[in-house]
Amino acid sequence: MYIFIVADNQYHHISHANYSTVLATPYDMYVSGYDSPGVSVLRLWSAKAPNFNMELFNQGDYAKALGQNSMANSISKILYPNDNHLEGKSLRLRQQYFLCAAAIGDIVNTHMNVYGTLDNLHEKVAIHINDTHPTLAIPELMRILLDDCGYGWEQAWHIVTNTFAYTNHTVMAEALEKWDVNMMNRIIPRIFSIIVEINNRYCQSLMERNGYDSAKTTRMSIIKDNTIHMATLCVVASHSVNGVSKLHSEIIKTDVFKDEAADTPHKFKNVTNGIAYRRWLYQSNPGLTQLLKDTIGNGFLKDAAQLSKFAVFADDDTVLERLIQVKKENKERFAKYVKHSSKVILNTDSIFDVQVKRLHEYKRQHLNVLNILAQYNYLLENPNADFTPKTYIFAAKAAPGYYLAKQIIKMIWAISEEIRKNPRISEKLAVHFIEDYRVTLSELLMPASEISEQISLAGTEASGTGNMKLMLNGAITLGTLDGANVEIKDAVGDDNIIIFGMKTPEVNAAKLDYNPEKLYNENYTIRDCINRMYHGINGCTFNEVADSLKKSDPYMVLADFDSYHEAQNFSTECYNDKMRWAKMSLMNIAGAGIFSADRSVSDYARDIWGL
Ligand SMILES: *Cc1c(COP(=O)(O)O)cnc(C)c1O
């Protein structure tokens, strides 16, 4: 409960009642730059109950005293495991407010110790909202300025809107964060009332700018249908809004935030993601690092742009042979790990075709599966066919509550087992699902990869970073024109990437009258593969996956199937020309420099934080 009284002085007299206190303890991690005196601090927070509420206990309210204690202690215990999916639970909202309040309180205290005022906060501090999870930092800073420091609304809003910048990470509706107004009002009532006031003032100003178009104002409102739209709040309260690849930043302006981009065009920017390339090259691929040192010198370790010098060796057979040798050794190193951890023997003379990323329908691991089933069917019918041996490697985590994702993992495992039981086929075609996908596993796998599967439906993957790690390690991208794949294509040239499938505008057009059942009925390869899911793979049926593809296919797997199948066959054709493939691989390494996080961070510093 809170009581809100506007007094004649500037202070809003807020008195809080029936609240519970949570203590935030900082844990500092020191992060050192490569060969640099610079050390950054990453401050993490742990939630604790301050001390047992003896007063409540003495009043006889044992349950409440215990409840407050365990709620406080539970706030920072778990990380919600979803990826690109909203979890609207009250504990999640408490976590978000806890972390925002701890961070904003800390920033304000540090600033006050130096300047003794918050008047200049926006001139000295940049706060970046990385996805919508920390959106509550915005109303929390407003709360401190209004309730604790006595600023008027206009001045507080000026400071806030010149301090915050926002990065959007997804445009998919199911992932956009929304909170029920009743839940927000129950858990953080004062913060809720500030969001309502931000929205009232915003809608009023919109009405004036929109010529009193109330339908448009409702469309753009932060609060509608009893839900608070966190991304909209971020756009309204930030001086900068960016996507994480050129394509994604365009989609933000023409689709999700079309009205907002027309209203405040100066806010909308792009910063393409990057990767910690010294981790993904120097630390995880010593063989390739040595080859680069021997050919282009050591400069690339501090300046990723220098990787482009490697392109000079694109037709140098000695360098290409060494590159082939490095890949072979990395495949053997990885095969050794797999043998050790799962007793499975990988054929290191086969193509290593890799799809490793969180399991999600939009990423379309089941498109890959469908093509494997088609190849399996082909080999069953043509056991003596000439077939370049191929190993499909998958790794993925699924959120525990995402049933279809877990079915897809089970299906990959089932195919893998069924093929393994047929020695004649498994010489040519193998599938392996690696458990417990994580960065340390990636560090072994990326250097061993030859084909990088980046096959999301165009318009759904905001950027991708796995695609960058894989190209840096010499894998050739087999992908759609989605996220940063578009910029990878620009960086390596059309000859050094394999592109298939619909482009974003084609997806938008095809969605209007999409009929997957028709594709199922008319395309016998698709029908055979989906029927296999119904009839059983290694004795397990996958009716839900099959139904989803046949009846709704929300990510248009069937629409891209033929094109994907063709691209897969083309990749084998390229691979069979050993020197051509090595040259493609070399051009990918040489083109990876712009995907360094050093470049991304410089873009943020220059274009957004004004450093
Ligand atoms: C890079 C990485 C990701 C992101 O992969 P995408 O293919 O961009 O989705 C996910 N998990 C781990 C462990 C990674 O290393």
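Atoms within each ligand, like the ligands themselves, are counted from 1 in listed order. Quick note: residue numbers are just sequence positions, from 1. Because the structure is predicted, anything quoted here is derived from the model rather than measured.
- Scanning for salt bridge (Lys or Arg N to Asp or Glu O under 4.0 Å) contacts around K551 gives D547, with sequence neighbours left out.
- Pairing each heavy atom of A396 with each of F433, the nearest pair is O-CZ, 3.5 Å.
- Annotation: ring-ring contact (aromatic ring centres under 6.0 Å, His included) contacts involving residues 546-571, sequence neighbours excluded, comprise F500-Y564, F561-H565.
- Residues passing the side chain to side chain donor-acceptor pair (under 3.5 Å) test with R358: none are found, sequence neighbours excluded.
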Practice problem: Go through the steps for H128 and F164 under the test ring-ring contact (aromatic ring centres under 6.0 Å, His included), then give the verdict. | Solution: CA-CA 6 Å; H128 208 95; F164 284 99; 9.7 Å; no
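- Note on K503 versus D482: no salt bridge recorded, every NZ/NE/NH1/NH2 to OD/OE distance being 4.0 Å or above.
- At a heavy-atom cutoff of 4.0 Å, ligand 1 is surrounded by W280, V356, K357, K363, Y437, R438, V439, S442, G464, T465, G466, K469.
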